[in-house]
Amino acid sequence: MLMNDNTNAIEIDQLSTTYFTEEGDVNAVDGVSFAVPRGEVFGIVGESGSGKSVTVRSIMDLIQPPGEITGGSIRLQTELKEKITSEYPNAISGDTVDLRKLPENVRQWVNGREISMIFQDPNRSFNKSFTVGHQIAEAVETNARTDLTNLSNKPLSDTIDSYGMFEFMLDSMPSKSYVSEESMERAIELLRKVGISDPKLRAEQYPHEFSGGMLQRAMIAQAIAGEPKVLIADEPTSALDVTIQTQILDLLDEMQRELNMSVILISHNLGVVARMCDKVGVMYAGEIVEKGNLTDIFENSVHPYTDGLINAIPSLEQTSERLDVIDGNVPNLIDMGSECRFIDRCPKAMEKCRTEPPTYSVDEEHKVSCYLADETQKSKEDNEIPMIKEFNKNKDGIKSDGGK
Amino acid sequence: MNSRVSEQSNGAMSSIDGNTSLVEVNNLKKYFDTNEGFIDSLIGNASNPVKAVDNVSFQIPRGKTVGVVGESGCGKSTLAKTVLNIVTATDGEVLFKGDNIFDLNKKELKEFRSNAQMIYQDPFSSVNPRMTIGDIIQEPLDIHNRGTKEEREDRVISLLERVGLSEEQIDRYPNEFSGGQLQRVCIARSLTLEPELLVLDEPVASLDVSVQAQVLNLLKDLQNDFDLTCLFIAHDLSVVNYISDIVGVMYLGKVVEIGPSEQVFNNPSHPYTKSLLNNIPRPSPEEYHRTIETLSGSVPSPRDPPSGCNFRTRCPSIIPPEKYNFDQDSWRSVASFREHFIEGNKETRSRLVEAGKSEELREVIKQRWGVPKTLNDPNAEAELEKAITSISNRDFNRAEKKLTNEFMSPCEIKEPQLQPIDGTDSTQGSCLLLDR
């Protein structure tokens, strides 16, 4: 098969996730597409309720009812064993595997080993009744133990259903240690790698004995236990102080380079995104409204929402009398019409915004869903046209002269 | 005791004319002691309080905003609560229009409460979910028995409209509002009694940027309209910079730098303020992979703060011992190594011993703390080598003694006091570097 030229580690295409609630259907994620090349960091910014967390949870297949992934594909560049390739041929598209077409048990295999995730609040992500070392070792163990060739064809939910009282009692026996010594050693090594001093001692401590920053380091250790190719970080520093935030971001950066991971970083903090990301997508009401590289977003943004978001941040360098604000609130996502979702808050709304704007390409990387992009292109052409005309005239003149 | 307090306070912040300040905080202390009960004193449990607010003095001029910034656990929220006498201070005084609020009787305290209001971080947990918005805003008027029924209702409606909500929303319940809208309700509620002082504890921390900007603008407008004096607590420096006239930076219960916000933000003098400002990621393409000198470690426990300057364990500019001629980086690494070794747990020490001879030990110390193989000062090198030899001989006491005595920083001995910076009285910092 012909190898594709692009080396995207992961490609998200038209991903949609809907929550079917009693009030109506909430399209939390509506046709989100982006790709992350190998070794790059893609940032998603947006306010709360914009659907950024639901997007990455959909990628990780962590959506719980009443939510459901309703469409799109999640294509991962992966070295899945050939058995899987032959067993699930329809999941293969090019040299990528569409994760949505894999059965649940294979999907579980992919999580942790190929894609892994760190969450905002480390205090809530660790189990308080086990030591930190134990929990990291467990991740090491799980990744080492479940061999793809031994995967039962039963979906995981069946295994859970058959988990009865007897299994529970077996698991609860104090003597039952399902973490081997090697895994524990690997966990300690991982803790050392993420910059925790005295990792041996720390591994035996419980989550409450860690500070927030230290626990976030431990979570990173857990996430990289399976040496994933794609790491998803959902607001990794939002619960931390600024000085600790820098430490964690530096660590993430270091790990990303060392393991050559692709990172999807979610943050509401534009500064964090500017610090870490190669490309940025701005999300609003379940859609990526603008994406591009840092200069595209922070200096040449086209979408009024991106502008508004950047201008709403008070500056450290100068004090202005008033902040520019975006009026109104994030809209209710239940049964959205076909109009542009930003229309009620947009200072530049036009009549044609009543129909949903298509995605324009300002250039190869910079993409915007707003009619203004069309306008700017027009004005660009307008500026160019006289020059081109003149150029053509001269050319014609020369030609005609030469002809004579 | 009182004379001591006022004597000290005259030294601090004499800059702002006492007549124009609405609030004057003098040597305020709030300690939380878990061992202060009767039984504890009976069985002789040693008292080891958490010094949440430790000797803080500042003034809030009438009509101005004082912002307090700091990391979590630095005591800024406790400061806000103590200033309003919501928690009882351990020591010190808060003068509101010249009267110490800790000396007020019950009636005077109620009068003070109507004059000083507070806004909290999370609007959802600071309103009663079973009351309508109208009732919530009207409640202070009912409690203080102001005006007739009609006057109260009119006041609620006018306030509701003033904070950007509409009259139709008056009978709705809190769960029907977004965070930003509900924070507006809390602002309206705090203004019903026309207070002079408003204490805001992280009022925009739980809001999205676009909504945060709306609320900040509203607060600024209201401050002008109602002639409010504000104490604004936040962890976000850019928010504080936007809203405040004077900024105080807190670390471990103490104010380390205070002054006009322009001065503090554009020309910070305390190493902590400098690194706080440097650590904030800016929303601009230049931010991409900008090298930031990170502070090592995390904030020490306020129950057991470091001796001398309490920032010294993390300070990048910690002063080297006078007898040596260090470069700052290797000195910082030696200081960190020393710190860890002295407080040292078993594992640190046993790992060091496992490393074997002093040469290999040196390598471990280099990897772990970044102490260079040879220090540029030969005397310091000789002393450090001696200490390391003692460690490899398992003579920990001797090594500890050597390290303690030979590498003692002035920051460890002397506690810095707030003092004027650059001869101006308006900005003050507490750092020994300012003496030089």
Side-chain angles (χ1 to χ4, degrees), chain A residues 46-50 197-202 211-214 239-247 249-250 253 268-278 293-299 305 308-330 345, chain B residues 70-74 178-181 207-217 220-221 235-243 261-262 265-266 272 275-299 314 340 345-348 351 368-369:
Chain A
E47 298 180 284
S48 50
S50 61
S197 52
D198 304 325
K200 228 176 198 165
L201 181 91
R202 289 304 213 156
S211 68
M214 280 295 151
L240 307 173
D241 284 317
V242 266
T243 56
I244 309 297
Q245 167 169 289
T246 315
Q247 293 173 6
L249 292 181
D250 283 357
D253 194 43
H268 69 280
N269 186 332
L270 286 160
V272 168
V273 168
R275 180 163 176 73
M276 297 292 291
C277 301
D278 300 286
N293 60 32
L294 289 179
T295 345
D296 294 338
I297 298 296
F298 288 97
E299 282 171 2
Y305 178 66
L309 207 56
I310 293 166
N311 292 334
I313 306 170
S315 158
L316 262 178
E317 274 71 28
Q318 67 234 22
T319 40
S320 55
E321 257 317 293
R322 288 185 71 81
L323 291 167
D324 297 333
V325 299
I326 311 172
D327 288 328
N329 291 296
V330 181
R345 306 176 75 186
Chain B
E71 294 179 283
S72 53
C74 73
S178 69
Q181 287 172 320
L207 306 178
D208 280 316
V209 249
S210 70
V211 182
Q212 168 183 298
Q214 293 170 5
V215 172
L216 286 176
N217 278 344
K220 240 183 179 176
D221 293 345
H235 69 282
D236 188 331
L237 276 82
S238 50
V239 167
V240 168
N241 181 36
Y242 172 71
I243 204 106
S261 43
E262 260 173 49
F265 283 107
N266 296 335
Y272 181 60
S275 37
L276 261 191
L277 281 167
N278 194 23
N279 268 286
I280 296 173
R282 268 77 166 169
S284 103
E286 285 99 63
E287 180 64 29
Y288 186 67
H289 289 173
R290 176 170 67 97
T291 36
I292 299 177
E293 192 183 6
T294 51
L295 288 179
S296 58
S298 52
V299 186
R314 303 177 77 197
H340 267 103
N345 55 51
K346 269 186 193 154
E347 205 208 345
T348 318
R351 260 238 326 276
R368 169 76 196 277
W369 290 280

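Chain A is the first sequence line, chain B the second, and so forth, proteins listed ahead of strands; every chain is numbered from 1.
For the residue pair A/Thr243 / B/Arg314, a side-chain donor-acceptor distance below 3.5 Å is found, with atom types taken as modelled. Side-chain contact, B/Asn241 with B/Ser261: no donor N or O sits under 3.5 Å from an acceptor N or O.
Heavy atoms closer than 4.5 Å to chain A are found in the side chain of B/Leu216, but not in its backbone. Contact of B/His235 with chain A is not made at all, since no heavy-atom distance falls under 4.5 Å. Heavy atoms closer than 4.5 Å to chain B are found nowhere in A/Asn293, neither backbone nor side chain. Both the backbone and the side chain of B/Tyr288 come within contact range of chain A, judged by heavy atoms closer than 4.5 Å. Interface residue B/Ser178: only side-chain heavy atoms are found under 4.5 Å from chain A.
Results of the side-chain contact (heavy atoms from CB on, under 4.5 Å) test with A/Leu323 over B/Val215, B/Asn217, B/Val209 single out B/Asn217 as the only residue that passes.
At least one side-chain heavy atom of B/Gln212 sits under 4.5 Å from a side-chain heavy atom of A/Pro314.
Ranking A/Leu249, A/Asp253, A/Ile313 against chain B, the residue ahead of the rest is A/Asp253, based on heavy-atom pairs under 4.5 Å. Most heavy-atom pairs under 4.5 Å with chain B, from the set A/Leu309, A/Asp324, A/Asn311, A/Asp278: that is A/Asp278. Contact count versus chain B (heavy atoms, under 4.5 Å) is highest, among A/Ile310, A/Leu240, A/Val242, for A/Val242. When each of B/Ile280, B/Val211, B/Leu277 is checked for heavy-atom pairs under 4.5 Å with chain A, B/Ile280 comes out on top.
At distances below 3.5 Å, at least one donor-acceptor pair connects side-chain atoms of B/Lys220 with backbone N or O atoms of B/Tyr242. Within the 3.5 Å criterion, the main-chain N or O of A/Arg275 finds no donor-acceptor partner in the side chain of B/Arg290.
Between A/Arg322 and B/Asp221 a salt bridge is recorded (basic side-chain N to carboxylate O distance below 4.0 Å).
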